[in-house]
Structure formats: C-alpha cells, structure tokens
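Quantities reported herein were computed from a predicted structural model and do not represent experimental measurements. We name chains A, B, ... by the order of the sequence lines, and we start the count at 1 in each one.
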Amino acid sequence: MNQQIRVRFAPSPTGHLHIGGARTALFNWLFARHHRGAFILRIEDTDRSRSTDEYIDIIIEGMKWLNLDWDEGPFRQTERFDIYREYVEKLLKIGKAYHCYCSPEELERKRQIAISSGLPMKYDGKCRNLKSPAPDMPTAVRFKMPQEGLTIVNDLIKGRVTFENSQLEDLIIMRSDGTPTYNFVVVADDIDMKISHIIRGDDHLNNTPKQIHIYNAFDCETPQFAHLPMILGHDKSRLSKRHGATSVLAYREMGYLPEALVNYLVRLSWAHGDQEIFTKDELIEYFSLQNIGKSAAVFNPDKLLWLNSHYIMNSDVEKLAEMVMPFLIKKGIIAENQDIDLLWLSKTIHLLKERSKNLDELANSLRYFISDSVEIDPKAAEKFLKPQSLEYLCEIRNALFTQIFHLRLGRNRSEGSRKISEATES
RNA sequence: GGUCCCAUCGUCUAGAGGCCUAGGACAUAGCCCUCUCAAGGCUAAGACACGGGUUCGAAUCCCGUUGGGACUACCA
C-alpha cells in the first residue's frame, strides 16, 4: 500500500447520501484504489442538533450498496472532541486564537446592518485584542486570520486560485458550548489522519484559504486540494429534492443497479476518450484527477436509465433473479419465505430482461408469469405495463410467448418450465 | 452587495494551437430487421455564449462583456 496517498470521504449525517456526495465518495475511492492508497470514512457530526445516528446508518448503507469500501473508519467527530480541545488550546497558547465575547444576537444585528448598507459582512474583530478578558462569560474561540497579503491555492482541478487575506474573517473554531466547528475540525482531522489529498465539492473552494491558514498555524504542510465541479438539476440550480430523487438509496428502491449508478456518476465531469461503459477495474485503472473537467454537470436521468437497462441486459440471469427477489416480495408477487424454482425464474428473466429498464419493471413483468392463480386483468396490468407491452402480452402470437402465456395462465409450472427450456435453447 | 469558480449540440462529454468540414453517448426523428413490444443496425437534425486581441493559423492562449453557479453562520 502506498502510504503517501491517503484520502477521505467526510459526509455530515444531516441527510441521506445524495448524488453529489456519492460522486465525491466515488472519486476519492477511485483515486485511492488507483494509487493503492488508503480511503478513510469520516462522519462529520459536530452539529449535534442536525446530525442523527439514523442518517449515519443510511449513509453507510449507501456506501456499501455502491461497493465503495473504506480502509479506515468510520470515525465520528463527536467521539474526538478531546483531540479538538487540545488543538484549540494549542492555538490559544501560541496566540493564533482568542476568546470572543460577542453574543450571537449582537453579531446578527451587525450583520443585518452590513447587509442593508451594502458593506462586507465580516466580523469586525471587536474581541481580537481585548486587554482584560472576562473569564466567567460564555465565550466562543476565534481563529486569528492574517489581514493582509495573498493566499494561493494550487488546486489540482481548478489550477492556481488567489484570495486576498483581507477578505478572510476571524472564524469561530469553538462555539460557546465548547463544541468545535467545521472549518476547524476538518483541518484538525486531516492533520491527525495524515490526509494527503482533499477531493471534495467546489462549494468548499472558498473555505480552502481559511483552512490553509489553520494548517500554517499548526506549522503543518497543506495537503493537495482537488475541487470537483457541482452536479446540478435540469434547471442548472443545485440538485435538490424538487429535481426528483437525490438519495442514492432511492435509486436502489427504484430498481437501479449500483454498477449503473457508479458508471453514470463517474462520467459527470470525468471522461476517458469516447468510452461510456466501464467495469470497476477499468475505472480504477483509468481514473485520474487530470481528466476531470472544471465545469458543473447537469444530472440527466435519461442517461442513467439507459445505463441501467444496459447493465440489466448484460447481467447474469442468476444475479438478476437474486436482485429482483426483494421487489417480488415487496409487491406481494411472492411470499417472503416462498419456495421458488430459481432455475425457472432465471429462465423467465432471460426472456424479459431485454425489455426491462430497471428491476421494478422486471418484477412487474414477472408478476404475470409467477402468479398461477392470477388471471390477467387488463385494468390491473395497465398499471404496471406500458400500453404497447400490454398489447404485446395480450396479443401474443409469437410462439415463444404463447408458451409462456399458457404457463402464466397457470396450469403447470413444470410444463411451463420445459417449454421455456425449449424456447431459450432454440 | 462582496469574494471565488465556470462556459463545445437540449444533456453528458472528446478536444493539450494546424489532425476540426468539431468526434462519441443519452434523448429526439426516420429507415432496416421483425407476426407485436423491445433489443440491435443504419441515417438525420443538433454546439465551440458574445466582442476584442496574440499568432502564418484559435474551440484551444490573453483581456473584456454577458450568462450560470458556489461561498459569504456560534451549518457542514
């Protein structure tokens, strides 16, 4: 293992693992695997009021479904508060941080004034050089940002980005309740975990100069940064619930294959010539930060669906049989513990997979072949099949499907099984 | 408002100054295959945001304009 390369995915458990987060995780994972480095999973749950254990489980489940395995973690920041306190103490001691006695209300008032008068909304530094601190008051701790000069971020994707230090404000690194804040813990953890490359969304690019100064305060070398372009909705605004499903597990529910989602996500801002379909091994071999584009990408459900049907068509029937099972159970097509002839199921799937774009559709088609007792009710069928497919099912003239039709009408499964064998072999 | 990022078909993208009459993929349309629906094959339509430079030569480099996005919390 290459000890030099260490990357991490650091979601906050305030919601599901969404499309954008999944792609960030994927790129980190690919980078680690390509370089034979370490991929670390870290849960950023310092905001206790918004973080839940349930979301942690959901995020981990999403990672597992996508087959993104990690080498270290999952670490939880709430279990590391002692470490952060030490780091804060150190900064206080060397004079890189100071106590701030301003109340949130006071700060909010100043911010409103700044907005209405069109001035920059920056902390005024009131407590920066306080001579006689009041030790009994609840205090937050602020980091002392340099106030002049430039900070340069040499980003592996965006290139050289320059920030004026005068724009940076003394950010709060520890709240008055003693809990540390994001921009600080990120750095503390990345130092502590010896992260070599930070690959994250470019919504963090503006945070980077602040974090660089924290590295400097600790006299630590900064890691390499790579800021990925955002994924947008069809209207080019940030992807959110109103654009449809954004959580990774929702795609599992809808019958998408993890390989299809991974293949779709990897092609957002990344390309390898004209190739569209990649195996996992190919991705690991080809992946490089160098051919990641700089511009945001619009999420396109049509192309994802096309990839999914491609992967369904090219999957082994045995594997599909296994994957479609939860859908059959959920729909009540088979009972939870029903004994089902897997060979028969596989052969039926073989006949249907070409026209199923997802596992949900596949299950719906299967309904008509599995339920012996169910007569076809066109009204009911209409709910699950497209008109053409319904027509196709009902007007069966194709010899092959005539046989299955008989089977479905429910005479004898072994009889049907024999006929499917004949059909699939010819 | 301030700071930062971005800009090739509707969408994802190829493009590293001449291989560009700008290539591929999704979606769209047509044709072929076919007893239906799919799948597959072929074809069509469809883009370098705009304006200035630099250069013998610009999608590609530089500047500006316009448009989009992100950040601007005792959120992450």
Regarding [X], tell me which of base, sugar-phosphate or nothing describes its non-hydrogen contacts under 4.0 Å with the strands shown.
X: A/Glu354; answer: base
X: A/Met174; answer: nothing
X: A/Asp45; answer: nothing
X: A/Leu205; answer: sugar-phosphate
X: A/Cys100; answer: nothing
X: A/His204; answer: base

Could you tell me whether the phosphate oxygens of [N], OP1 or OP2, come under 4.0 Å of any side-chain nitrogen or oxygen in [X]?
X: A/Arg175; N: B/A76; value: yes
X: A/Ser103; N: B/C74; value: no
X: A/Arg238; N: B/C71; value: yes

Pick out the pairs of N or O atoms, protein on one side and nucleotides 11-15 of chain B on the other, that lie under 3.5 Å.
unit_1	atom_1	unit_2	atom_2	d
B/U11	OP1	A/Lys236	NZ	3.4
B/C12	OP1	A/Val298	N	2.9
B/C12	O2'	A/Arg267	O	2.9
B/C12	O2	A/Lys303	NZ	3.4
B/U13	OP1	A/Ser269	N	2.1
B/U13	OP1	A/Ser269	OG	3.3

Check: A/Tyr286 ring centre within less than 6.0 Å of A/His272 ring centre: yes
Kindly state whether the ring of A/His243 and the ring of A/His234 have centres lying under 6.0 angstrom apart. yes
Protein-nucleotides 1-3 of chain B N/O pairs under 3.5 Å:
unit_1	atom_1	unit_2	atom_2	d
B/G1	O2'	A/Gly118	O	3.4
B/G2	O2'	A/Gln167	OE1	3.3

Is the charged tip of A/Lys294 near the ring of A/Trp270: under 6.0 Å from the six-membered ring centre and within 45° of its axis? no
Taking atom [atom1] in both [N] and [M], what distance in whole Å separates the two?
N: B/C50; M: B/A58; atom1: C1'; value: 16 Å
N: B/G18; M: B/C61; atom1: C1'; value: 15 Å
N: B/G57; M: B/G1; atom1: C1'; value: 44 Å
N: B/U21; M: B/C48; atom1: C1'; value: 14 Å
N: B/A47; M: B/A22; atom1: P; value: 10 Å
N: B/U54; M: B/U72; atom1: P; value: 42 Å
N: B/A44; M: B/C5; atom1: C1'; value: 38 Å
N: B/U3; M: B/A16; atom1: C1'; value: 30 Å

Watson-Crick or G-U wobble partner for [N], using a 3.5 Å limit on both distances?
N: B/A25; result: B/U11
N: B/U36; result: none
N: B/C71; result: B/G2
N: B/G18; result: B/C56
N: B/C42; result: B/G30

Determine the minimum heavy-atom distance between A/Leu168 and A/His213, stating which atoms define it.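 What the structure gives for the nearest pair is CD2-CD2, 3.6 Å.
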How close do A/Leu249 and A/Gly62 get, counting heavy atoms only, and between which atoms?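 In this case the closest contact between A/Leu249 and A/Gly62 is CD2-CA, 3.9 Å.
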For A/Tyr98 and A/Asp170, which I'm curious about, is there any donor-acceptor pair between the side chains at under 3.5 Å?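 Yes, A/Asp170 and A/Tyr98 have a side-chain donor paired with an acceptor closer than 3.5 Å.
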Closest-nucleotide 5' rank along RNA chain B - winner of A/Thr46 and A/Ser237: A/Ser237
On RNA chain B, check which nucleotide each of A/Leu232 and A/Gln290 is closest to and give me the residue with the more 5' one. A/Gln290
Tell me if the side-chain of A/Ser176 makes a donor-acceptor pair with the base of B/C74, cut-off 3.5 Å, by modelled atom types.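 Side chain to base: pair present.
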Look at the side chain of A/Ser356 and the backbone N and O of A/Asn358, then say whether any donor-acceptor pair between them is shorter than 3.5 Å. no
Nearest to the A/Thr181 side chain among B/A25, B/C4, B/A76, which nucleotide is it? B/A76
Of the listed nucleotides (B/A25, B/C4, B/G69), which one gets closest to any side-chain atom of A/Trp306?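 For A/Trp306, the side-chain atoms sit closest to B/A25.
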Under 4.0 Å from any atom of RNA chain B, heavy atoms only: list the residues of residues 183-192 of chain A that qualify, in numerical order.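 Close to the strand are A/Asn183.
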Look up atom CD in A/Gln167 and atom CG in A/Asn206, then write down how far apart they are to the nearest 0.5 Å. 10.0 Å
